[in-house]
Amino acid sequence: MKKKIALIFGVTGQDGAYLSKFLLKKGYTVHGVKRRGSTLNTYRIDDIYSDPLIKKNKFYLHYGDITDSIAVFNIIKKINPSEIYNLAAQSHVAVSFEIPEYTTNTDALGTLRILEAITKINKKIKFYQAGSSEMFGKVVERPQTEKTPFYPRSPYGVAKLYSHWITINYRESHNIFASNGILFNHESPLRGETFVTKKIVKALCRIKQKKQKKLILGNLYSKRDWGHAIDYVEAIWKILQHNRPDDFVICTGKQYSIKQFINLVAKNLKMKIIWRGKGINEKAYDRENNCIIECNKKYLRPAEVDTLQGDYSKARKKLNWKPKIGINGLIKDMIAYELNLLTDDY
Ligand code: NAP
Ligand code: GDD
């Protein structure tokens with residue numbers, strides 16, 4: 001088999017960490033691009049990284065930023081990978097309303113920088129773009145497929161839509177292997193701390209152990225199609241192994257509201273919660289009548305994506321992919337991780 005070399009932009013993120021481990025197991029040499037920060041940002045990949053001087057595996061890190069064309073070009077030229085995975089993004093939808101220009105520079109133009117470098121350096125490099133169900137936004141049909149028209153509702157969604165189309169445009173005009181994943185929400189123990197599932201699981205575990213009193217959230221009634229990141233990185237890899245470049249929806253086909261997700265987490269933790277009130281005044285109480293969850297306008301978005309539910313029929317048919325971990329498996333995995341951290345606290 002030809003030696004496979006992967007280059008991952010966004011290696012320090014949730015998906016970057018799972019994808020790196022998945023590709024190393026498949027025998028790849030994996031190169032990742034990390035940003036320089038004043039604090040360490042590699043906790044998700046510390047278990048696979050070792051100093052180049054005492055190298056234990058084929059995992060290498062390079063400094064770079066996809067807002068920096070020179071760095072993007074130089075890294076791709078130096079590594080000359082067989083596959084590039086662009087997972088790098090300012091990935092928080094709510095934050096994208098506060099920093100729209102930076103979000104666009106990273107999430108839209110960052111993709112263009114990589115594609116342009118591929119056409120100049122080696123047109124045989126395969127390219128994966130991390131697209132998002134956020135592009136469906138104010139959904140025009142249900143469930144959403146590869147053919148559903150887009151209607152993004154945030155600077156993040158609009159930037160991802162640019163990346164989706166520029167990837168198709170480079171595929172069609174430069175004849176390169178460039179594919180889009182349209183991934184629905186996927187979570188894991190390694191999920192960023194400010195996304196809603198992680199906020200809920202972490203807080204309820206801490207509340208149960210009396211280390212926190214209350215959790216503050218925003219909209220309890222939006223619905224999401226949540227899967228496990230472990231399943232989704234396998235789909236990402238399969239997209240680049242397909243016999244031709246194409247675009248794929250990756251999802252579970254099931255949806256739950258934020259409130260239903262909270263109830264499932266509470267059930268798994270054997271915590272009884274009682275809901276009272278309506279709208280922004282809706283609150284959850286424990287057995288002793290302590291308020292443990294309330295809502296605040298601070299966490300509402302200028303424009304919301306109310307409902308997402310995908311259809312992965314194309315991925316099932318063409319990639320032989322389907323999700324293996326359901327919502328309860330996901331929640332159990334996230335809870336186990338948090339409880340373990342809390343035990344380590346002692
Ligand atoms: P994540 O945990 O937020 O990771 C994002 C990664 O991008 C991090 O490594 C981050 O580095 C890096 N990054 C941010 N700005 C960068 C820049 N300017 N230059 C280089 N790297 C930069 O996101 P994720 O959940 O793993 O998602 C991976 C990708 O899939 C993202 O593009 C996201 O938008 C997309 N996506 C995610 C989901 C989901 O539900 N998770 C669904 C659909 C699409 P730092 O660690 O230094 O911040
Ligand atoms: N983050 C957050 N924090 N969301 C909250 C909160 C809160 O306190 N309270 C309610 N929500 C609601 C949001 O309004 C949204 O409707 C839903 O929970 C999910 O929010 P997030 O977990 O932040 O995810 P997202 O759907 O906005 O975006 C994620 O999924 C996209 C795919 O559809 C991110 O991973 C994006 O990068 C990804 O593209």
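Whatever order the structure lists ligands and atoms in, that order sets their numbers, starting from 1. Below, all heavy atoms of this structure are taken into account, side chains as well, without hydrogens, waters or symmetry copies.
The closest protein non-hydrogen atom to atom 31 (C) of ligand 1 is Leu87 O, 3.1 Å. Given atom 20 (C) of ligand 1, the protein heavy atom at minimum distance is Ile66 N, 3.6 Å. Counting only heavy atoms of the protein, atom 22 (O) of ligand 2 lies nearest to Val196 N, 2.9 Å. Ranking the protein heavy atoms by distance from atom 36 (C) of ligand 2 puts Ser91 O, 3.3 Å first. What sits closest to atom 10 (C) of ligand 2 on the protein, heavy atoms only, is Asn219 O, 3.2 Å. Looking only at heavy atoms of the protein, atom 3 (O) of ligand 1 is closest to Ser91 OG, 2.6 Å. Counting protein heavy atoms only, atom 38 (C) of ligand 1 is closest to His186 CE1, 3.2 Å. Counting only heavy atoms of the protein, atom 17 (C) of ligand 1 lies nearest to Asp65 OD1, 3.4 Å. Nearest protein neighbour of atom 26 (O) of ligand 1, counting heavy atoms only, is Asp15 N, 2.8 Å. Among all protein heavy atoms, the one lying closest to atom 4 (O) of ligand 1 is Gly13 CA, 3.3 Å. For atom 6 (C) of ligand 1, the nearest protein heavy atom (residue, atom name, distance) is Gly10 CA, 3.7 Å. Nearest protein heavy-atom neighbour of atom 18 (O) of ligand 2: Ile258 CD1, 3.2 Å.
Considering backbone and side-chain N/O atoms, Glu187 never comes within less than 3.5 Å of an N/O atom of ligand 1. Ligand 1 has no nitrogen or oxygen under 3.5 angstrom from a nitrogen or oxygen of Gln90. Polar contact with ligand 2: present for Gly218 (N/O pair, distance under 3.5 Å). Distances between N or O atoms of Asn185 and those of ligand 2 include at least one value under 3.5 Å. Any N or O atom pair closer than 3.5 Å counts here, and Arg224 shares at least one such pair with ligand 2. Residue Phe184 places no N or O, backbone or side chain, under 3.5 Å from any N or O of ligand 2. Taking distance alone, with nitrogen or oxygen atoms compared against 3.5 Å, Asn41 approaches ligand 1 more closely than that limit.
For the ligand labelled ligand 1, residue Gly131 lies inside the 4.0 Å heavy-atom shell. Within the 4.0 Å heavy-atom cutoff, His92 does not count among the residues contacting ligand 1. Under a 4.0 angstrom heavy-atom cut-off, Tyr102 registers as being in contact with ligand 1. For the pair Tyr156 and ligand 1, a heavy-atom separation below 4.0 Å is found.
Side-chain N/O atoms of Tyr28 and Trp237 include a donor and acceptor closer than 3.5 Å. Looking only at atom types and distance, the side chain of Thr42 has a donor-acceptor partner in the side chain of Asp46 under 3.5 Å away. No side-chain donor from either of Ser96 and Gln90 sits under 3.5 Å from a side-chain acceptor of the other. Side-chain atoms of Gln255 and Asp225 include no donor-acceptor pair closer than 3.5 Å. Ser163 and Thr111 share a side-chain donor-acceptor pair at under 3.5 Å. Neither side chain, His174 nor Asn169, offers a donor N or O lying under 3.5 Å from an acceptor on the other. Between the side chains of Arg113 and Asn105, at least one donor N or O sits under 3.5 Å from an acceptor N or O. In the model, Gln241 has a side-chain atom that pairs as donor or acceptor with a side-chain atom of Glu83 under 3.5 Å. A donor atom on one side chain and an acceptor atom on the other are found under 3.5 Å apart for Glu141 and Thr148.
Heavy-atom contacts of Glu304 reach the following atoms of ligand 2: 13 (C), 14 (O), 15 (C), 16 (O) (cutoff under 4.0 Å). Residue-ligand proximity, Thr106 to ligand 1, at heavy-atom distances under 4.0 Å covers atoms 15 (N), 16 (C), 17 (C), 18 (N). Interface atoms of ligand 2 facing Tyr156, defined by a heavy-atom separation under 4.0 Å, are 36 (C), 37 (O), 38 (C), 39 (O). Set against the non-hydrogen atoms of Ser132, the atoms of ligand 2 under 4.0 Å away are 31 (C), 32 (C), 33 (O), 38 (C), 39 (O). Listed by number with element, the atoms of ligand 1 under 4.0 Å from a non-hydrogen atom of Leu183 are 42 (C), 43 (C). Near Asn185, the atoms of ligand 1 lying under 4.0 angstrom from a non-hydrogen atom of the residue are 40 (O). Near Tyr299, with a cut-off below 4.0 Å to any heavy atom, the atoms of ligand 2 are 8 (O). Ligand-side atoms of ligand 2 in range of Ser133: 32 (C), 33 (O), range being under 4.0 angstrom from any heavy atom.
Under a cutoff of 6.0 Å and an axis angle of 45°, Lys199 and Tyr299 form a cation-pi pair. The cationic group of Lys259 lies under 6.0 Å from the six-membered ring centre of Trp275 and within 45° of the ring axis, placing it in a cation-pi geometry.
The structure places OG of Ser188 at 11.5 Å from CG of Asp231, a figure rounded to the nearest 0.5 Å. With rounding to the nearest 0.5 angstrom, the CG atom of Leu339 is 6.0 Å from the CG atom of Leu269.
At a heavy-atom distance under 4.0 Å, only side-chain atoms of Val93, from C-beta outward, approach ligand 2. At a heavy-atom distance under 4.0 Å, only side-chain atoms of Ser222, from C-beta outward, approach ligand 2. Proximity of Gln14 to ligand 1, defined as any heavy-atom pair under 4.0 Å, is shared by backbone and side chain alike.
If you run side-chain contact (heavy atoms from CB on, under 4.5 Å) between Ile258 and each of Thr197, Asn219, Ile200, Asn263, only Ile200 comes through.
Of the candidates Arg191, Glu134, His186, His92, it is Arg191 that places a heavy atom closest to atom 35 (O) of ligand 2. Checking Lys34, Arg191, Arg44, Arg36 against atom 41 (N) of ligand 1, the nearest heavy atom belongs to Arg191. The heavy atom nearest to atom 13 (N) of ligand 1, out of those in Gly192, Ala89, Ser133, is found in Ala89. The heavy atom nearest to atom 3 (N) of ligand 2, out of those in Thr194, Leu308, Leu183, is found in Thr194. Considering Lys199, Lys298, Arg301 only, the shortest heavy-atom separation from atom 4 (N) of ligand 2 involves Arg301.
Using a 4.0 Å cut-off between charged nitrogen and carboxylate oxygen, Lys198 and Glu187 do not count as a salt-bridge pair. At a threshold of 4.0 Å, the pair Asp246-Lys314 counts as salt-bridged, since one of the basic side-chain nitrogens sits closer than that to a carboxylate oxygen. Salt bridge Lys34/Asp65: absent, no basic N to carboxylate O contact under 4.0 Å. Salt bridge annotation for Lys214-Glu294: present, with a cationic side-chain nitrogen under 4.0 angstrom from a carboxylate oxygen. Taking the charged nitrogens against the carboxylate oxygens, Glu282 and Arg276 have no contact shorter than 4.0 Å, which rules out a salt bridge. We find that Arg224 and Glu304 are joined by a salt bridge, their nearest charged nitrogen and carboxylate oxygen being less than 4.0 Å apart.
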request  = Using the side chain to side chain contact (heavy atoms under 4.5 Å, CB included) rule, take Asp333 and His228 through it: C-alpha gap first, then chi angles, then the decisive distance, then the call.
outcome  = CA-CA 9 Å; Asp333 197 19; His228 197 302; 2.8 Å; yes
